[in-house]
J.: 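Dropping a structure here in structure tokens format, bear with me for questions.
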Amino acid sequence: MTKKGPGGLASASRACTQCRVVFLVGFMGAGKTSVGKLLAERLGWTFEDLDDRIEQREARTVDQIFAESGEASFREIEHQCLREFLTGPDSPPRVLALGGGAFAQPRNAVLMAHPGLLSIFLDGPPEELYRRCELQSSSRPLRRNLDEFRKLYETRRRYYMAASLRIDTGGKGMDAVATEIVARLRERDSVKTLEGVSG
Ligand code: S3P
């Protein structure tokens with residue numbers, strides 16, 4: 001059950017009064033989906049995973065799309081789904097977890113760079129991210145071996161660094177990461193308030 005009062009739902013919701021959508025971005029294994037669900041619960045927002053939207057729209061798994069249609073097709077579908085998510089009817093505030101490659105596509109990052117939309121980069125050492133993926137049941141077509149995984153992480157990191165916030169998830173549990181995000185959102189809002197007052 002969600003707590004009310006200090007640190008609970010009421011104060012957590014106030015932590016992000018300025019934004020309507022929080023995007024969780026970052027490499028495979030960063031915990032975007034797990035943290036996203038926890039964060040949405042604390043904010044009293046809805047949660048969605050972009051890969052789920054893709055799979056529903058295509059009636060195929062991500063794995064099948066990669067195998068049958070290739071990565072370029074997957075990226076096109078991913079872009080269309082992100083567009084749909086953002087241009088749908090007026091919706092309540094939402095947390096969206098993106099697949100690891102989505103924010104590294106400049107056309108997606110452009111769609112997400114608008115007032116009221118906040119991107120958070122969940123980072124971590126690639127070795128740890130690789131191990132986390134190993135413990136999960138979902139198969140990932142772009143996770144082949146540690147060496148390639150590390151190289152892809154290095155290539156993408158500069159894109160992820162363009163997110164509004166970066167949270168280091170290394171050695172942390174997902175619950176602690178969600179707590180840290182709420183605290184950072186709250187901090188960020190007070191900074192904006194102070195700036196508003198002094199300006
Ligand atoms: C991908 C990451 C996956 C999924 C697809 C492509 C990537 O999502 O979108 O396999 O390019 O890094 P997760 O980051 O949730 O594993």
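Numbering starts at 1 and runs along the sequence shown. Just so you know, ligand 1 is whichever comes first in the structure, and atom 1 is the first atom listed for that ligand.
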J.: Between Glu78 and Arg75, is the closest basic N to carboxylate O distance under 4.0 Å?
T.: yes

J.: Measure from NZ or CZ of Arg94 to the centre of the six-membered ring of Phe85 and say whether it is under 6.0 Å with the direction within 45° of the ring axis.
T.: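 The answer is yes, since Arg94 meets both limits relative to Phe85.
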
J.: Check contact between Glu71 and ligand 1, using heavy atoms of the residue and a distance below 4.0 angstrom.
T.: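 Per 4.0 Å heavy-atom rule, Glu71 does not contact ligand 1.
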
J.: Which residue owns the protein heavy atom closest to atom 2 (C) of ligand 1, what's the atom, and how far is it?
T.: Gly100 N, 3.3 Å

J.: Identify the closest protein heavy atom to atom 12 (O) of ligand 1: which residue and atom is it, and at what distance?
T.: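 Looking only at protein heavy atoms, the one closest to atom 12 (O) of ligand 1 is Arg156 NH1, 2.7 Å.
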
J.: Which value, rounded to the nearest 0.5 Å, describes the distance between Ile65 atom CD1 and Glu55 atom CD?
T.: 6.5 Å

J.: Compute the shortest N/O to N/O distance between Gly29 and ligand 1 and return yes if it is under 3.5 Å, no if not.
T.: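 In this structure, Gly29 places no N or O atom under 3.5 Å from an N or O of ligand 1.
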
J.: Going by the angle between their ring planes, with limits at 30° and 60°, are Phe149 and Tyr130 parallel, tilted or perpendicular?
T.: perpendicular

J.: Which protein heavy atom lies closest to atom 5 (C) of ligand 1, and at what distance to 0.1 Å?
T.: Val62 CG1, 3.7 Å

J.: Output the list of atoms in ligand 1 that are nearer than 4.0 Å to some heavy atom of Pro141, sorted by atom number.
T.: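 Under 4.0 Å from Pro141, ligand 1 has these atoms: 10 (O).
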
J.: So which of Glu128, Arg132, Glu180 actually passes side-chain hydrogen bond (donor to acceptor under 3.5 Å, both in side chains) with Thr169?
T.: Arg132

J.: Could you tell me the residue and atom name of the protein heavy atom closest to atom 9 (O) of ligand 1, and the distance to it rounded to 0.1 Å?
T.: Asp51 OD2, 2.8 Å

J.: Counting N and O atoms only, with roles assigned by atom type, does the side chain of Tyr160 sit under 3.5 Å from a partner on the main chain of Gly100, one being a donor and the other an acceptor?
T.: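 Indeed, once roles are kept as given, a pair shorter than 3.5 Å links the two residues.
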
J.: Under 3.5 Å between any N/O of Glu78 and any N/O of ligand 1: does that happen in this structure?
T.: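 No; the residue has no nitrogen or oxygen that sits under 3.5 Å from a nitrogen or oxygen of the ligand.
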
J.: By number and element, which atoms of ligand 1 are closer than 4.0 Å to a non-hydrogen atom of Leu142?
T.: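 What qualifies from ligand 1 is 7 (C), 11 (O).
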
J.: Kindly identify the option in Arg140, Arg75, Lys32, Glu55 whose heavy atom sits closest to atom 11 (O) of ligand 1.
T.: Arg75

J.: Using a 3.5 Å distance criterion without hydrogens, assess whether the side chain of Arg20 forms a donor-acceptor pair with backbone atoms of Ser91.
T.: yes

